[in-house]
Amino acid sequence: MNEAVERRRTRGGGGAARRAERTTMRIETARFIERNIPNMELLNEETLQIIEHNAETVLEEIGVNFVNNPAALDRWREAGAEVTGERVRIPRGLARELCKTAPSKFTQHARNPEKSVEIGGKSLVLAPVYGPPFVREGSSRRYATMTDFEKFVKLGYMSKWLHHSGGTVCEPTDVPVNKRHLDMLLAHMTLSDKPFMGSVTEPSRAQDSVDMCKILFGEGFVAENTVMTSLVNINSPLTFDDTMMGALEVYAANMQAAIISPFIVGGAMAPVSVTGTLTQVLAEVLAGVAYSQLVRKGAPVIFGAFVTSIDMNSGAPTFGTPEASQILYGAGQLARRLNLPFRSGGGLCGSKLPDAQAAYETANTLNAALLGGVNFMLHACGWLEGGLVSSFEKFVMDADQLGALHKMAEGVANDENAQAMDALREVGPGGHYLGCAHTQANFKQAFWRTEVLDYKPFETWEEEGARDTQMLASARVDKLLGNYTQPEMDPGVAEALAAYVARRKAEMPDAFV
């Protein structure tokens with residue numbers, strides 16, 4: 001065999017090997033993002049001080065309501081607040097002082113220690129959509145089922161750029177309301193080995209979450225470590241209901257993390273101005289975080305800000321708007337001044353389909369979250385129709401784009417390899433860099449590469465069916481689910497979890513409200 005034939009065979013074999021490597025499914029999870037880029041500091045010092053002063057005025061003069069919760073009122077009274085009925089007026093500086101015992105960062109442990117995440121500082125942890133009662137799959141929009149829920153958990157587990165399994169990735173309406181949290185927790189615990197969120201829809205369900213974690217991680221481990229994050233929404237404006245506060249009390253008492261998050265549609269639940277909205281956001285978070293520390297000093301919490309604007313013609317919430325980004329940037333600055341982790345952002349959009357509107361609005365929010373210093377991003381993928389719908393196609397489209405956030409957050413290297421002087425010398429005027437030594441050494445990691453989008457020539461794209469992005473995403477969903485392999489779990493732990501779920505379900509009749 002002559003040398004030319006041998007070289008061709010070697011090149012062909014190498015190409016085949018590389019193609020096989022690209023098409024082989026590997027379950028890989030990227031480490032949580034650690035930013036090497038600066039945060040966007042939108043508000044000047046004067047504006048920040050005005051907002052902080054006005055938020056303290058709101059707490060002192062207007063106050064907040066803790067409804068149907070006598071124990072909370074007693075805690076506030078003992079701390080020095082003025083309590084009239086269910087209204088709590090907090091003296092200037094008291095809430096801020098109480099917030100100082102909350103940690104600036106914490107680790108949420110996963111059952112696979114390699115997938116544990118750090119929340120706070122310069123980190124960014126990405127978690128999927130939360131809460132929609134409907135799902136969209138192709139052209140079908142329907143109520144979500146437990147089967148849908150399990151599919152989303154599997155997709156999250158298979159998605160490289162997602163660090164977190166999330167919580168209510170969709171609301172499985174075919175399971176009784178009072179029992180579905182058990183099935184959802186079991187799915188997160190057994191179908192994935194990433195961190196997950198606990199239930200907050202009733203205090204006893206929060207306790208179930210803690211008890212199941214004691215089975216999964218061990219009672220001693222849970223007593224000393226954070227293994228759950230939960231979403232505690234404030235009923236804006238300025239109202240803390242007994243359901244959410246009851247869940248917060250359970251989690252804080254057990255040193256499990258809670259996102260204290262105002263749920264605001266600007267113009268409906270808060271003023272129409274950015275500064276006014278930020279004033280209310282800060283007042284609500286100060287009261288909520290302070291209350292968590294009254295329950296137990298040192299309980300881990302996250303400063304949350306879910307804020308969107310409103311369409312003044314229809315009354316519908318809008319997403320990806322400049323004002324929402326301004327509020328996100330400002331809230332991030334306020335959170336950092338409190339030395340608290342920050343939650344905001346997500347793949348938010350108002351579109352009914354994973355289309356151009358969805359892409360524009362989602363990109364605006366994802367980029368704002370990256371630049372705004374968000375530490376925990378809920379709704380990072382899968383969100384459609386203002387949060388009413390979890391979309392399988394958009395889940396993988398968004399999850400793919402999260403890789404671009406990882407790349408952007410790395411910043412720009414300036415070491416000897418990044419300077420590429422050897423490449424500049426090798427190629428010189430009029431040449432090209434495709435075959436130079438520097439390109440050959442770096443091409444695999446040089447550029448972020450999509451797993452969904454199409455960059456093929458027109459002729460190839462047309463021959464393959466002229467598929468649009470939604471069709472490509474649908475194929476990606478099928479591929480991921482087809483290659484899913486359940487992570488290993490100790491059989492004794494799996495049996496104990498299943499027994500706990502069965503026992504708790506047997507203890508109560510079905511309830512669908």
Phe134 ring center near Tyr143 ring center (under 6.0 Å)
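Yes, the ring of Phe134 comes within the 6.0 Å limit of the ring of Tyr143, centre to centre.
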Can the ring centres of Phe149 and His188 be said to be less than 6.0 Å apart?
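That pair passes the under 6.0 Å test.
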Among Ile51, Thr57, Ile50, find the residue that satisfies the side-chain contact (heavy atoms from CB on, under 4.5 Å) test when tested with Thr279.
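Among Ile51, Thr57, Ile50, the one that satisfies the side-chain contact (heavy atoms from CB on, under 4.5 Å) with Thr279 is Ile51.
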Parallel, tilted or perpendicular: which one describes the rings of His379 and Phe306, with boundaries at 30° and 60°?
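Aromatic pair His379/Phe306 classed perpendicular.
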Output the distance between atom [atom1] ([X]) and atom [atom2] ([Y]), rounded to the nearest 0.5 Å.
{"X": "Arg476", "Y": "Leu481", "atom1": "CZ", "atom2": "CG", "result": "10.5 Å"}
{"X": "Arg205", "Y": "Ser230", "atom1": "CZ", "atom2": "OG", "result": "14.5 Å"}
{"X": "Met228", "Y": "Asn254", "atom1": "CE", "atom2": "CG", "result": "7.5 Å"}
{"X": "Ile302", "Y": "Ile260", "atom1": "CD1", "atom2": "CD1", "result": "9.0 Å"}
{"X": "Met184", "Y": "Thr201", "atom1": "CE", "atom2": "OG1", "result": "6.5 Å"}
{"X": "Leu182", "Y": "Tyr500", "atom1": "CG", "atom2": "OH", "result": "7.0 Å"}

Using distance alone, with no hydrogens and no angle criterion, decide if Gln486 and Tyr157 have a side-chain donor and acceptor under 3.5 Å apart.
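No - no donor-acceptor pair under 3.5 Å links their side chains.
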Residues Gln108 and His164: side-chain donor-acceptor under 3.5 angstrom
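Yes, a side-chain donor-acceptor pair sits under 3.5 Å.
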Greater than 12 external heavy atoms within 6.0 Å of [X]'s [atom1]:
{"X": "Lys214", "atom1": "NZ", "result": "yes"}
{"X": "Glu45", "atom1": "CD", "result": "yes"}
{"X": "Tyr360", "atom1": "OH", "result": "no"}
{"X": "Lys297", "atom1": "NZ", "result": "no"}
{"X": "Met146", "atom1": "CE", "result": "yes"}

Within-4.5 Å side-chain heavy-atom neighbours: [X] and [Y]:
{"X": "Lys352", "Y": "Leu384", "answer": "no"}
{"X": "Thr362", "Y": "Met397", "answer": "no"}
{"X": "Asn375", "Y": "Phe303", "answer": "no"}

Does Asn65 form a side chain to side chain donor-acceptor pair (under 3.5 Å) with Thr239? I'd like the steps, not just the answer.
CA-CA 5 Å; Asn65 283 352; Thr239 301; 4.6 Å; no
Okay, side chain of [X], backbone of [Y]: is any donor-acceptor separation there less than 3.5 Å?
{"X": "Lys194", "Y": "Leu162", "answer": "yes"}
{"X": "Glu410", "Y": "Asn36", "answer": "no"}
{"X": "Thr173", "Y": "Ala144", "answer": "yes"}
{"X": "Thr226", "Y": "Met255", "answer": "yes"}
{"X": "Glu361", "Y": "Thr321", "answer": "no"}
{"X": "Ser390", "Y": "Val169", "answer": "yes"}
{"X": "Gln280", "Y": "Leu238", "answer": "no"}
{"X": "Ser159", "Y": "Trp161", "answer": "no"}
{"X": "Arg141", "Y": "Arg136", "answer": "no"}
{"X": "Thr277", "Y": "Val274", "answer": "no"}

Take Ser192 and Lys115 through the test side chain to side chain donor-acceptor pair (under 3.5 Å) and record every step on the way to the result.
CA-CA 11 Å; Ser192 176; Lys115 298 182 181 179; over 6 Å; no
Candidates Phe392, Tyr130, Trp383, Tyr484 - the one meeting ring pair (Phe, Tyr, Trp, His ring centres under 6.0 Å) with Phe152:
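Single ring pair (Phe, Tyr, Trp, His ring centres under 6.0 Å) partner of Phe152 among Phe392, Tyr130, Trp383, Tyr484: Phe392.
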Start with the C-alpha gap between Arg31 and Glu118, add the side-chain angles, then the distance that decides, and say whether salt bridge (charged side-chain N to carboxylate O under 4.0 Å, His left out) holds.
CA-CA 10 Å; Arg31 192 172 187 269; Glu118 187 175 282; over 6 Å; no
How far apart are the C-alpha atoms of Thr47 and Asn44, what are their side-chain angles, what is the distance that settles it, and do they pass the side chain to side chain donor-acceptor pair (under 3.5 Å) test?
CA-CA 6 Å; Thr47 305; Asn44 61 28; 2.8 Å; yes
Could you go through Arg75 and Glu78, starting from their C-alpha distance and side-chain angles, then the distance that decides it, and tell me whether this counts as salt bridge (charged side-chain N to carboxylate O under 4.0 Å, His left out)?
CA-CA 5 Å; Arg75 285 190 176 101; Glu78 291 171 9; over 6 Å; no
Just do the side-chain contact (heavy atoms from CB on, under 4.5 Å) check on Leu338 and Arg96 with the steps written out, would you?
CA-CA 8 Å; Leu338 282 171; Arg96 185 174 291 271; 3.3 Å; yes
Quick one: do Phe196 and Cys213 satisfy side-chain contact (heavy atoms from CB on, under 4.5 Å)? Show the steps, please.
CA-CA 10 Å; Phe196 55 87; Cys213 280; 3.7 Å; yes
Carboxylate-amine/guanidinium proximity below 4.0 Å for Lys394 and Glu385
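No.
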CA sep, side-chain torsions, deciding dist, call: Gln293, Thr101, side chain to side chain donor-acceptor pair (under 3.5 Å)
CA-CA 7 Å; Gln293 302 306 295; Thr101 58; 2.7 Å; yes
Quick one: closest heavy-atom pair of [X] and [Y], and the distance?
{"X": "Ala305", "Y": "Ser344", "value": "O-OG, 2.7 Å"}
{"X": "Leu248", "Y": "Ser292", "value": "CD1-CB, 4.1 Å"}
{"X": "Val289", "Y": "Cys99", "value": "CG1-SG, 3.6 Å"}
{"X": "Ala270", "Y": "Ile264", "value": "CB-CG2, 3.4 Å"}
{"X": "Phe342", "Y": "Ala335", "value": "CB-CB, 3.9 Å"}
{"X": "Gly382", "Y": "Val129", "value": "C-CB, 4.0 Å"}

Assess the residue pair Glu56 and Arg92 against the criterion (salt bridge (charged side-chain N to carboxylate O under 4.0 Å, His left out)); give the C-alpha distance rounded to whole Å, side-chain angles, the decisive distance to 0.1 Å, and a yes or no.
CA-CA 6 Å; Glu56 294 277 8; Arg92 186 174 297 273; 5.4 Å; no
Before you tell me yes or no, could you show the steps for Leu43 and Gln326 under side-chain contact (heavy atoms from CB on, under 4.5 Å), namely the whole-Å CA-CA distance, both residues' side-chain angles and the distance that decides it to 0.1 Å?
CA-CA 9 Å; Leu43 305 181; Gln326 290 173 333; over 6 Å; no
Do Asp74 and Arg77 pass the salt bridge (charged side-chain N to carboxylate O under 4.0 Å, His left out) test, and can you show the C-alpha distance, the side-chain angles, and the key distance before you say yes or no?
CA-CA 5 Å; Asp74 289 341; Arg77 195 178 288 110; 2.8 Å; yes
Stepwise, does the side-chain contact (heavy atoms from CB on, under 4.5 Å) test hold for Leu278 with Ile327?
CA-CA 7 Å; Leu278 284 170; Ile327 291 168; 3.8 Å; yes
